[in-house]
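Read the structure below first, then the notes.
Every chain is numbered from 1, with letters handed out A, B, ... down the list of sequences.
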Amino acid sequence: MPYDPARHGPHRIVGPGFHGKVQALVKQVPAGRVTTYGDVAEALGSRNVARQVGFAMAAIDDDGVPWWRVVAAGGRLAARSVRAQVRALRAEGVVVKARRVQEFASRRFTFGSSRP
DNA sequence: CGGCTGACGACCT
DNA sequence: GAGGTCGCCAGCC
């Protein structure tokens with residue numbers, strides 16, 4: 001079924017400084033936990049910008065942003081450098097197997113769904 | 001202002 | 001499971 005505004009809800013534009021907002025959220029993810037592009041997108045007010053979240057990751061220039069803690073839906077790894085991401089995650093105790101975060105549900109970190 | 005480009009996600013074959 | 005399609009959109013030419 002194609003995209004359905006009625007089912008997916010309104011498309012709120014995030015606004016300017018998108019990358020900065022994304023990176024600020026990613027910094028909130030504690031070590032040993034992971035979040036998804038979709039979760040970050042939803043935390044920003046629009047579940048339709050998951051892709052943009054990925055682009056924001058690619059544009060990171062701040063070493064303080066734990067980009068490796070952001071995975072794709074279902075706990076799959078989709079970063080450009082999966083190798084580096086796996087290494088970084090394992091260093092935090094996250095078990096990764098076949099490009100999948102094991103026990104993803106309990107490892108998953110979600111942002112407060114409260115937003116104006 | 002217009003056209004590309006994509007670290008997504010859901011769905012379909 | 002492995003591919004392909006389509007629907008989002010910010011940032012950068």
Tell me which nucleotide among dC8(C), dG9(B), dA7(B) gets nearest to the side chain of Met57(A).
dA7(B)

Quick one: Ile60(A) CD1 to dG6(B) P, roughly how many Å, whole number?
17 Å

Looking only at side-chain atoms of Phe18(A), point me to the closest of dG9(B), dA10(C), dA7(B).
dA10(C)

Mind listing the closest non-hydrogen atom pair of Ala79(A) and Tyr37(A) along with its distance?
N-OH, 4.1 Å

Side chain of His19(A) only, please: which of dC8(B), dG11(C), dG9(B) is the nearest?
dG11(C)

Distance in angstrom units between Asp61(A) CG and dG11(C) C1', rounded
14 Å

Looking at CZ of Arg69(A) and NZ of Lys27(A), how far apart are the two atoms once the value is rounded to the nearest 0.5 Å?
12.0 Å

Among dG9(B), dC8(B), dC8(C), which is the nearest nucleotide to the side chain of Asn48(A)?
dC8(C)

Please state whether the base of dG11(C) and the side chain of Gln52(A) form at least one donor-acceptor pair under 3.5 Å?
no

Sugar-phosphate only, base, or nothing, as touched by Ala79(A) at under 4.0 Å among non-hydrogen atoms:
base

Round to a whole Å and report the spacing from OH of Tyr37(A) to P of dG7(C).
23 Å

In whole angstroms, the gap separating C1' of dA7(B) from CD of Gln23(A) amounts to 13 Å

Suppose we call a contact any N or O donor and acceptor under 3.5 Å apart; does that hold for the side chain of Arg51(A) and the base of dG7(C)?
yes

To the nearest Å, give me how far apart CZ (Arg99(A)) and P (dA7(B)) are.
13 Å

I need the CD-C1' distance between Glu42(A) and dC9(C), as an integer number of Å.
17 Å

Tell me what Ala73(A) touches on the nucleic acid: a base, only sugar-phosphate, or nothing, going by heavy atoms under 4.0 Å.
sugar-phosphate

How close do Gln85(A) and Trp68(A) get, counting heavy atoms only, and between which atoms?
NE2-O, 2.9 Å

Contact summary for Phe111(A) and Gln28(A), nearest pair of heavy atoms:
CD2-OE1, 3.9 Å

Between P on dA10(C) and NZ on Lys21(A), what's the gap in Å once rounded to a whole number?
11 Å

Just how far, in rounded Å, is C1' of dG6(B) from CZ of Arg80(A)?
8 Å

Tell me whether the count of non-hydrogen atoms from other residues, nucleotides or ligands lying under 6.0 Å of CZ in Arg99(A) goes above 12.
no

